[in-house]
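Notes follow once the structure below has been shown.
Predicted, not measured: the structure shown is a model, and the values here were computed from it. All ligand and atom numbering here is 1-based and tracks the order in the structure. One is the number of the first residue; the rest follow in order along the sequence.
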Amino acid sequence: MSGRAGSVAVENRVLVDAEFVASAAKDVQVVVSGCQTAAKVIHEAMVQQKYSMATWSSHELNPKNPDASTVNWILTVDLLNFSFWSENFDSNDTGSPDTQRFAVEYHGKQFTGYWSLVAAINRAVYEYGIPITSPEYWASDEFTEDVLRKVFASSTAEQVPLFDERYRVLKEAGRVIQNELLSQEQQQRKLVSSTDIFDTASSTTNAFIDLFITRADKSALKLVELVSTKFPSFCDTASYHGRTVHIMKRAQILVADIWACFQGKSYGEFNDIDQITMFADYRVPQMLHSLNCISYSTDLTHHLTSHLPLDNGDPREVEIRACSIWSVEIIRREILAIDPSAPINSILIDYYLWDTAKAIQKQLGLDQHSMIACHRTRSVFY
Ligand SMILES: Nc1nc2c(c(CN[C@H]3C=C[C@H](O)[C@@H]3O)cn2[C@@H]2O[C@H](COP(=O)(O)O)[C@@H](O)[C@H]2O)c(=O)[nH]1
């Protein structure tokens with residue numbers, strides 16, 4: 001499977017590798033019959049709910065009238081979009097701040113999980129006046145651990161997981177963008193005979209747009225490749241059976257969030273967006289398992305229900321993530337077989353499954369008996 005991007009075909013490594021792992025997996029199986037059944041249910045629900053890329057902006061905390069600065073907002077969120085599950089609190093994964101799991105108070109409400117991150121970013125920008133979405137700020141001496149501690153100030157006993165890694169990821173991203181700007185200016189200087197006509201004042205505000213989105217030339221796969229090559233924290237791969245497999249969860253959701261936020265136009269225009277796969281996090285696999293799209297071995301089931309940790313890169317963790325990607329690909333193909341004109345892709349199927357899992361958590365207060373526990377991997381990749 002390859003995306004046709006501009007003149008050069010960019011191979012869809014994530015999908016090729018997901019199929020490879022699914023065919024070799026021992027502890028996780030993709031249940032094709034379950035995917036076919038789920039495809040009908042998901043398709044009908046998405047039609048009924050009018051679920052589309054516009055749903056992204058309907059979320060309370062997501063930006064409504066996007067402009068160039070919104071790209072930096074999305075970049076910030078998706079650089080930090082990892083590992084919100086609680087080690088010692090909320091063992092039934094209810095998502096409630098009453099369990100004292102990490103929570104952020106914003107606009108008089110408590111947000112946990114992924115939404116605690118978005119609330120923290122919005123609170124920093126709009127209430128604290130901290131320019132936390134500026135790559136120039138990340139690279140500056142003003143941005144210290146104490147500032148980030150204020151950004152992630154918790155309203156419960158638990159602090160944000162992986163605080164040190166979050167600080168390192170932003171600092172690293174600031175340096176990457178600064179270095180990219182520098183080398184671009186040096187190249188441009190070489191091209192210009194005399195520097196007096198060359199405007200050296202480069203704006204880092206739009207640096208990510210100029211250095212990455214523009215260079216990707218409307219190819220989603222190219223943009224995934226660019227960010228995962230330049231930003232180590234986006235380079236989400238694993239070694240499985242001696243082969244490097246590409247998962248690229250945050251690089252792909254970064255592209256998807258830009259596409260959805262700008263509704264496929266402006267900075268969100270990509271000619272191969274349908275090549276982006278499901279985002280291999282820890283929440284959607286739980287939903288796919290409950291829909292019988294993937295199944296776990298007895299040993300793995302016991303491991304998860306016992307809340308035992310699973311290392312990033314453990315073959316079982318790679319199988320959960322890759323089989324989830326492959327099962328959503330089968331669901332996508334099944335929906336298009338039912339309705340070839342359905343305006344869906346793996347992004348929207350994923351968003352729908354994630355939003356639905358969160359709605360179930362909120363309504364039922366997820367307990368171990370209704371859905372299998374999420375796998376517990378501490379990682380900056382998801
Ligand atoms: N596969 C997939 N994973 C996603 C998302 C999102 C947020 N997207 C929302 C924004 C706009 C869209 O409409 C979605 O509503 C976060 N995550 C991941 O989940 C985990 C957090 O879970 P919990 O601790 O329970 O909140 C963590 O790994 C995080 O990286 C998604 O959409 N798909």
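- Proximity of the aromatic rings of Tyr167 and Phe143 is defined here by a centroid distance below 6.0 angstrom, and this criterion is met.
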Would you tabulate the side-chain donor-acceptor contacts of residues 112-120 under 3.5 Å, counting partners in other chains and residues two or more places apart, or write 'none'?
| residue | atom | partner | partner atom | Å |
| --- | --- | --- | --- | --- |
| Thr112 | OG1 | Gly95 | O | 2.7 |
| Ser116 | OG | Gly113 | O | 2.5 |

Run the side-chain contact (heavy atoms from CB on, under 4.5 Å) check on Ile121 and Leu80 step by step: do they pass?
-> CA-CA 10 Å; Ile121 299 297; Leu80 299 172; 4.2 Å; yes

Validation: residues 289-298 side-chain donor-acceptor distances under 3.5 Å, sequence neighbours left out:
| residue | atom | partner | partner atom | Å |
| --- | --- | --- | --- | --- |
| Ser290 | OG | Met287 | O | 2.7 |
| Ser297 | OG | Asp27 | OD1 | 2.5 |
| Ser297 | OG | Leu300 | N | 3.1 |

Under 3.5 Å, sequence neighbours excluded: what are the donor-acceptor pairs made by side chains of residues 373-382?
| residue | atom | partner | partner atom | Å |
| --- | --- | --- | --- | --- |
| His375 | NE2 | Tyr382 | OH | 3.0 |
| Arg376 | NH1 | Glu87 | O | 3.4 |
| Thr377 | OG1 | Leu310 | O | 2.8 |
| Thr377 | OG1 | Tyr382 | OH | 3.2 |
| Arg378 | NH1 | Ser83 | OG | 3.0 |
| Arg378 | NH1 | Trp85 | O | 3.0 |
| Arg378 | NH2 | Trp85 | O | 2.6 |
| Ser379 | OG | Phe381 | N | 2.7 |
| Tyr382 | OH | Glu317 | OE2 | 2.6 |

Ligand 1 polar-atom proximity to protein (N/O, under 3.5 Å):
| residue | atom | partner | partner atom | Å |
| --- | --- | --- | --- | --- |
| ligand 1 | 1 (N) | Phe279 | O | 2.8 |
| ligand 1 | 1 (N) | Asp281 | OD1 | 3.2 |
| ligand 1 | 1 (N) | Asp350 | OD1 | 3.2 |
| ligand 1 | 1 (N) | Asp350 | OD2 | 2.8 |
| ligand 1 | 3 (N) | Asp281 | OD2 | 3.3 |
| ligand 1 | 13 (O) | His59 | NE2 | 3.2 |
| ligand 1 | 15 (O) | His59 | NE2 | 3.2 |
| ligand 1 | 15 (O) | Asp355 | OD1 | 2.4 |
| ligand 1 | 17 (N) | Trp354 | NE1 | 3.4 |
| ligand 1 | 19 (O) | Asp281 | OD2 | 3.1 |
| ligand 1 | 19 (O) | Trp354 | NE1 | 2.9 |
| ligand 1 | 24 (O) | Tyr282 | OH | 2.8 |
| ligand 1 | 25 (O) | Arg283 | NE | 2.8 |
| ligand 1 | 25 (O) | Arg283 | NH2 | 2.9 |
| ligand 1 | 25 (O) | Lys358 | NZ | 2.7 |
| ligand 1 | 26 (O) | Tyr114 | N | 2.7 |
| ligand 1 | 26 (O) | Lys358 | NZ | 3.0 |
| ligand 1 | 30 (O) | Asn81 | O | 2.9 |
| ligand 1 | 30 (O) | Asn81 | OD1 | 2.6 |
| ligand 1 | 30 (O) | Lys249 | NZ | 2.6 |
| ligand 1 | 33 (N) | Asp350 | OD1 | 2.6 |

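- Geometrically, Arg321 does not engage Tyr282 in a cation-pi contact defined by less than 6.0 Å to the ring centre and at most 45° from the axis.
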